[in-house]
2 protein chains.
Amino acid sequence: MIDKFMNLDEEKRERIINAALEEFAKKGYDNASTNEIVKSANISKGLLFHYFGSKKGLFLFLVDYVINIFVDGFYSRINFDETDILKRWGQIALLKIELIQKHPDLYGFLLTSFSDDSKEIKKDVENIDKSVVVDAYEKLLVNIDTSVFKNDMDAKKVMEIIIWVTQGFGNSIMEKLKMDPNFKSTFDMSSAVAEFDGYMKLLRCAFYK
Amino acid sequence: MIDKFMNLDEEKRERIINAALEEFAKKGYDNASTNEIVKSANISKGLLFHYFGSKKGLFLFLVDYVINIFVDGFYSRINFDETDILKRWGQIALLKIELIQKHPDLYGFLLTSFSDDSKEIKKDVENIDKSVVVDAYEKLLVNIDTSVFKNDMDAKKVMEIIIWVTQGFGNSIMEKLKMDPNFKSTFDMSSAVAEFDGYMKLLRCAFYK
DNA sequence: TGGGTATTGACTACTGCGGTCAATAGCGTT
DNA sequence: AACGCTATTGACCGCAGTAGTCAATACCCA
């Protein structure tokens, strides 16, 4: 019945998707209420079950839907052949910020889904996580040129440090976006990029030959 | 009635505390069930309400109880006068790992409590967070000697980098502890300290004069 | 045995859940 | 206007589980 759902006019379809995403993200699978979803999407109870069959059907549809958006926007735009670790993780950190900034609700939904441990959906979500997220993450760690680091430095440790710093920067931006509602409207990606470049330069000067 | 609870023999007291901590940590305030707590603590429903009056009373007792344990174990053992940032954040990172390793359930409970947004308890928890956690965190950022960094480096950025790396290291240990149950039993704090020292040396060599 | 405290668990009154399905609204075709 | 068909409704079902109460009982010491 999901193909029928996809033929709905866009406005209604998105109303339903957004209502469901919000409810699941806020309360987790078990505690999310289909009654709340239909109320805030302004549709009848019957219609939701007509399209998705069950609560679980709806949830798994959403996971798939959201992952596709992120895969299209994220992994497809990363250059996996870049061997300079600063450049590669620079790309990753900035792209991540950009995407979360663009789809904060989708990201929130994915985050809670992957740490949800309702027995009803745990297995399914774990499989998806493994086949999509973990695999791609591993790809990001291979084929890095470590000969550029200063000779007396442990390359593996330097790589870890660089990854932790890029993650730390990303988290600090995310934190500000989450904490301060004003920051969101005044947030300027290009100035974030400039600030990020400062850190990258510092790391290059500290660890590269 | 809580003073009476404190006079219980230790075994029973801890059985109740642990059952409640686990339930709240797993399901959040709203979704946690007093029925489940009494069942897994092996006491009667009446007894729980006899001691704590209400679900909220029990929850706030737990927050207070856990925070005290962490304050005693953490902030009291940090040397706030240490001006060398690597040493200060080195202390912090390792102490944090040690404490979480020692009381994983308490830490899990605090984490979920601070991000719980049930309206019933949100205000109370926010106040506690502000008066205990935020204040102390700010203390950790003042009185750092920045003259030790290489002259051409932006001291503020270097400090951020160092903090992100110590956090990244801490998180990586935590992740391993969480993911792999075997790792927990074979985990050796002193080898973690040695590994951590490696990172510290690398940072010192990269950023210090 | 009496008296006092610690502990029990059946009980209440209630809320909200996922899911169903007969009824109806809405629309294109004849 | 009348038919047929699909899209949509929402009252309803049976159930599970909730926080909290309180008369009854178990337990222990004098």
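In what follows, chains are A, B, ... by sequence order, proteins preceding strands, each numbered from 1. Computed over heavy atoms, backbone and side chain alike; hydrogens, waters and symmetry mates excluded.
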A.B. asks: Output one line per pair: protein atom, nucleotide atom from nucleotides 21-25 of chain D, and distance, for all N/O pairs under 3.5 Å.
C.D. replies:
none

A.B. asks: With respect to the phosphate group of dT7(C), does any side-chain polar atom (N or O) of Y51(B) fall under 4.0 Å of OP1 or OP2?
C.D. replies: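 Yes, within the criterion.
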A.B. asks: How long is the line joining CD1 of I16(B) and C1' of dT7(C), in whole Å?
C.D. replies: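 For the pair I16(B) CD1 and dT7(C) C1', the rounded distance is 11 Å.
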A.B. asks: Only counting residues at least two apart or in another chain, list the ones meeting side-chain contact (heavy atoms from CB on, under 4.5 Å) with K87(B).
C.D. replies: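 For K87(B), the residues satisfying side-chain contact (heavy atoms from CB on, under 4.5 Å) (neighbours in sequence not counted) are E82(B), D84(B), R204(B).
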A.B. asks: Just jot down the salt bridge (Lys or Arg N to Asp or Glu O under 4.0 Å) partners of K122(B), sequence neighbours excluded, or say none.
C.D. replies: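 Result, salt bridge (Lys or Arg N to Asp or Glu O under 4.0 Å) vs K122(B): E126(B).
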A.B. asks: In whole Å, what is the span from the CZ atom of F52(B) to the P atom of dT7(C)?
C.D. replies: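 Whole-Å distance recorded here is 12 Å.
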A.B. asks: I want to verify a distance call: between dG20(D), dG10(D), dT8(C), whose nearest atom is closest to the S54(B) side chain?
C.D. replies: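 Nucleotide nearest to S54(B)'s side chain: dG20(D).
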A.B. asks: Grab the CZ-C1' distance between F5(B) and dT5(C) for me, whole Å please.
C.D. replies: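 One finds 18 Å between C1' of dT5(C) and CZ of F5(B), rounded.
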A.B. asks: Once you round it to whole Å, what is the distance between C1' of dC27(D) and CG of D9(B)?
C.D. replies: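 Rounded to whole Å, this separation is 14 Å.
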A.B. asks: Among residues two or more places apart or on two chains, list those pairs meeting salt bridge (Lys or Arg N to Asp or Glu O under 4.0 Å) that have a residue in residues 32-43 of chain B.
C.D. replies: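 Every salt bridge (Lys or Arg N to Asp or Glu O under 4.0 Å) pair that includes a residue of residues 32-43 of chain B, provided the two are not neighbours, is E36(B)-K39(B).
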A.B. asks: Look only at the side chain of R88(B) and the backbone of T83(B), and say whether a donor-acceptor pair between them is shorter than 3.5 Å.
C.D. replies: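 It does not hold such a pair.
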A.B. asks: Mind listing the residues from residues 17-43 of chain B sitting with a heavy atom below 4.0 Å of DNA chain C? Number order is fine.
C.D. replies: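 Nucleic-acid contacts, sorted: I43(B).
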A.B. asks: Identify whether any heavy atom of K12(B) sits under 4.0 Å from a base atom; if not, whether one sits that close to sugar-phosphate; answer base, sugar-phosphate or nothing.
C.D. replies: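 The residue K12(B) makes sugar-phosphate contact but no base contact.
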A.B. asks: What is the distance, rounded to the nearest whole Å, between atom CG of N7(B) and atom C1' of dT5(C)?
C.D. replies: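 Roughly 13 Å, once rounded to whole Å.
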A.B. asks: Quick one: does NZ or CZ of K55(A) land under 6.0 Å from the six-membered ring centre of Y29(A), within 45 degrees of the ring axis?
C.D. replies: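 Relative to the ring axis of Y29(A), which defines the angle, K55(A) lies inside both limits.
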A.B. asks: Taking only residues two or more places apart in sequence, or in another chain, which ones meet V66(A) in a side-chain contact (heavy atoms from CB on, under 4.5 Å)?
C.D. replies: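 side-chain contact (heavy atoms from CB on, under 4.5 Å) check on V66(A) returns L21(A), F70(A), L106(A), F109(A), L110(A).
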A.B. asks: Tell me which donor-acceptor pairs under 3.5 Å the side chains of residues 41-53 of chain A have, and how far apart each pair is, sequence neighbours excluded?
C.D. replies:
unit_1: S44(A); atom_1: OG; unit_2: L47(A); atom_2: N; d: 3.4
unit_1: K45(A); atom_1: NZ; unit_2: N35(A); atom_2: OD1; d: 2.7

A.B. asks: Can you tell me which nucleotide in dA6(C), dT8(D), dT7(C) comes closest to the side chain of S44(A)?
C.D. replies: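 Among the listed nucleotides, the one closest to the side chain of S44(A) is dT8(D).
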A.B. asks: For R15(B), give me all partners under side-chain hydrogen bond (donor to acceptor under 3.5 Å, both in side chains), at least two apart in sequence or on another chain.
C.D. replies: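 Partners of R15(B) under the side-chain hydrogen bond (donor to acceptor under 3.5 Å, both in side chains) test: E11(B).
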A.B. asks: Do any pairs count as a side-chain hydrogen bond (donor to acceptor under 3.5 Å, both in side chains) and have a residue in residues 189-201 of chain B, sequence neighbours left out, and if so which ones?
C.D. replies: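 Every side-chain hydrogen bond (donor to acceptor under 3.5 Å, both in side chains) pair that includes a residue of residues 189-201 of chain B, provided the two are not neighbours, is D188(B)-S190(B).
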A.B. asks: Take the protein atom CG of L48(A) and the nucleotide atom P of dG19(C), then report the distance between them rounded to whole Å.
C.D. replies: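 Rounded to whole Å, this separation is 10 Å.
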A.B. asks: Round to the nearest Å and state the distance from H50(B) atom NE2 to dG9(C) atom P.
C.D. replies: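 Checked: the NE2 to P distance equals 16 Å.
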A.B. asks: Would you say a side-chain N or O of K55(A) is under 4.0 Å from OP1 or OP2 of dC17(C)?
C.D. replies: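 Checking K55(A) against dC17(C): no side-chain N or O falls below 4.0 Å of OP1 or OP2.
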A.B. asks: Take the protein atom CG of L58(B) and the nucleotide atom P of dA19(D), then report the distance between them rounded to whole Å.
C.D. replies: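 To the nearest whole Å, that distance equals 11 Å.
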